[in-house]
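This one's a predicted model, so the numbers in the text were calculated from it and none came from an experiment. Because only heavy atoms are used, hydrogens play no part in the values below, and waters and symmetry mates are left out as well, while side chains stay in. In what follows, every chain begins at residue 1, and chains take the letters A, B, ... in the order their sequences are listed.
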Amino acid sequence: MIPREIVQPLLGWFYENKRDLPWRREPSAYHVWLSEIMLQQTRVEAVKEYYSRFLDALPEIEDLAACPETRLLKLWEGLGYYNRVRNMQKAARTVVEHYGGALPPDYEQLLELPGIGSYTAGAVASIAFGIPRPAVDGNVLRVIARITENEEDILKQSVKTKTERELAEIMPKNAPGDFNQSLMELGALVCIPNGMAKCGACPLAELCLARKHDRVMELPKKAGKKQRRLEKRTVLLIQDGEDFAIRKREKKGLLAGMYEFPNLEGYKSQEEILEYVRELSCQPVRIQTLTQAKHIFSHVEWEMKGYRVLIEPREKRNTDGLLFVNKKETKGKYPIPAAFAAYRKYLEEDI
DNA sequence: AAGTCGGGGGA
DNA sequence: TCCCCAGACTT
């Protein structure tokens, strides 16, 4: 069980130590929602700039609902997990249609919106609306596992469910948002992963069972992660004068809807590359080897070999799924993910 | 319950 | 290198 005695020390600590974060300035439901979506599996420092830029571009939920997809993905470019922003737009359209443009102040209704799971629903409900619901993220699971000296694998759904149920029991009805944030803030600043915990600065040190038994180092437990698969790819910079070929990725799957340079699975010979370029209705003139590059995703790792292929000027410009974009005009227009950073620079710089 | 989905920063 | 991050969704 989680002791109720954690509540007041946590709140007191939070009011003294909470960070001044952009989304804490004007915590409207939209602002809290956006910050929570951006912060999913993403560090605070990485989110700050994106958050401000996003709200400058789309200050209201209606703006988000009406935004073209490419512009939306461009605003998210580099943050990763691009389904987050696609789901958020779907939800925004639902909010405009069914809720008059304002998020519903109700946990169950929030939970029904795409991209909002139990954590985000709890965070928005408690922080924006003062509704007493827990918001259990990785920080909270770690903090609670240590306080209670829980041996179970915190990645198990059952642990999360139990944590939510027990936190709901002790949730202070007058400050649910602050209480949820205090747990997360403690996890982010003091009760840090691995062997880095700063127990000397912890307001819960005296009642923490892991510390009492000197087991903070070994908790929480997490099941082993499986190995990433390696994928070799051949990336092509097909160049017609100052124009480069890009194309849009599939609507589903990895990097859905983002733009990329034409590329092939596996390492291809120069003959195979030229053949492929011809299939795209291009007439290759010269081929040049570029640098190798690697990009690591969560579950797959790309090892890429790049080639620049100069082609004859094309009559029919944008066919065969290719989009020829001018190096000067395309600046900031097409969302091209970081996986292509090593080759993207040819589009952005004079090389 | 397991797999998919990004990217970066720090040890 | 590996780990982890204010997770959600699909299978």
Problem set entry | Sequence neighbours excluded - ring-ring contact (aromatic ring centres under 6.0 Å, His included) pairs with any residue from residues 204-263 of chain A | A:Y259-A:Y334
Exercise. Thinking salt bridges, do A:D20 and A:R25 make one under a 4.0 Å N-O criterion?
Worked result: yes
For this session: Measure from CZ on A:R249 to P on B:dG6 and round the result to the nearest Å.
Result: 8 Å
Exercise. Roughly, in whole Å, what's the span from CH2 in A:W76 to P in B:dG7?
Worked result: 13 Å
For this session: For A:N83 and B:dC5, give me the distance from atom CG to atom P, rounded to whole Å.
Result: 9 Å
Problem set entry | Rounded distance (Å) that lies between atom P of C:dC2 and atom CZ of A:F297 | 17 Å
Problem set entry | Side chains of A:R314 and A:T319, donor plus acceptor under 3.5 Å | yes
For this session: Could you tell me the separation between the NZ atom of A:K48 and the C1' atom of B:dG9, rounded to a whole number of Å?
Result: 14 Å
For this session: Indicate whether any N or O donor in one side chain lies under 3.5 Å from an N or O acceptor in the other, for A:E164 and A:T161.
Result: no
Problem set entry | A:E303 side chain to A:R233 backbone, donor-acceptor under 3.5 Å | no
Seminar exercise, completed: Contacts of A:A46 and A:R229 projected onto DNA chain B by closest heavy atom; the upstream (5') one is A:R229
For this session: Using atom CZ of A:R86 as one end and atom C1' of B:dT4 as the other, report the distance to the nearest whole Å.
Result: 14 Å
For this session: Could you work out the separation of B:dG6 and C:dT10 based on their P atoms and round it to a whole Å?
Result: 14 Å
Problem set entry | Euclidean distance for C1', C:dA6 against B:dG3 (whole angstrom) | 23 Å
Exercise. Is there a side-chain polar atom (N or O) of A:H295 under 4.0 Å from OP1 or OP2 of B:dG6?
Worked result: no
Seminar exercise, completed: Here the ring-ring contact (aromatic ring centres under 6.0 Å, His included) pairs for residues 301-323 of chain A, sequence neighbours left out, are A:F297-A:W302, A:W302-A:F340
For this session: Look through every strand shown and name the nucleotide pairing with B:dG6 as Watson-Crick or G-U wobble, where both distances are under 3.5 Å.
Result: none
Exercise. Atom CD1 of A:I296 to atom C1' of B:dC5: distance rounded to whole Å?
Worked result: 16 Å
Seminar exercise, completed: By nearest-nucleotide position on DNA chain B, the 5'-leaning member of A:A256 and A:M196 is A:A256
Exercise. Reckon A:H299 has a side-chain N or O less than 4.0 Å from the OP1 or OP2 of B:dC5?
Worked result: yes
Problem set entry | Interatomic distance where CD belongs to A:E260 and P belongs to B:dG6 [whole Å] | 12 Å
Exercise. Using a distance-only test with no angle check, is there a side-chain donor-acceptor pair under 3.5 angstrom linking A:R84 and A:Q40?
Worked result: no
Exercise. Which nucleotides of nucleotides 3-11 of chain C have their base under 4.0 Å from a protein heavy atom (B), which only their sugar-phosphate (S), and which neither (-), written as one string 5' to 3'?
Worked result: SBBBBSS--
Problem set entry | Touch class at under 4.0 angstrom, heavy-atom based, for A:A135 against every strand present | nothing
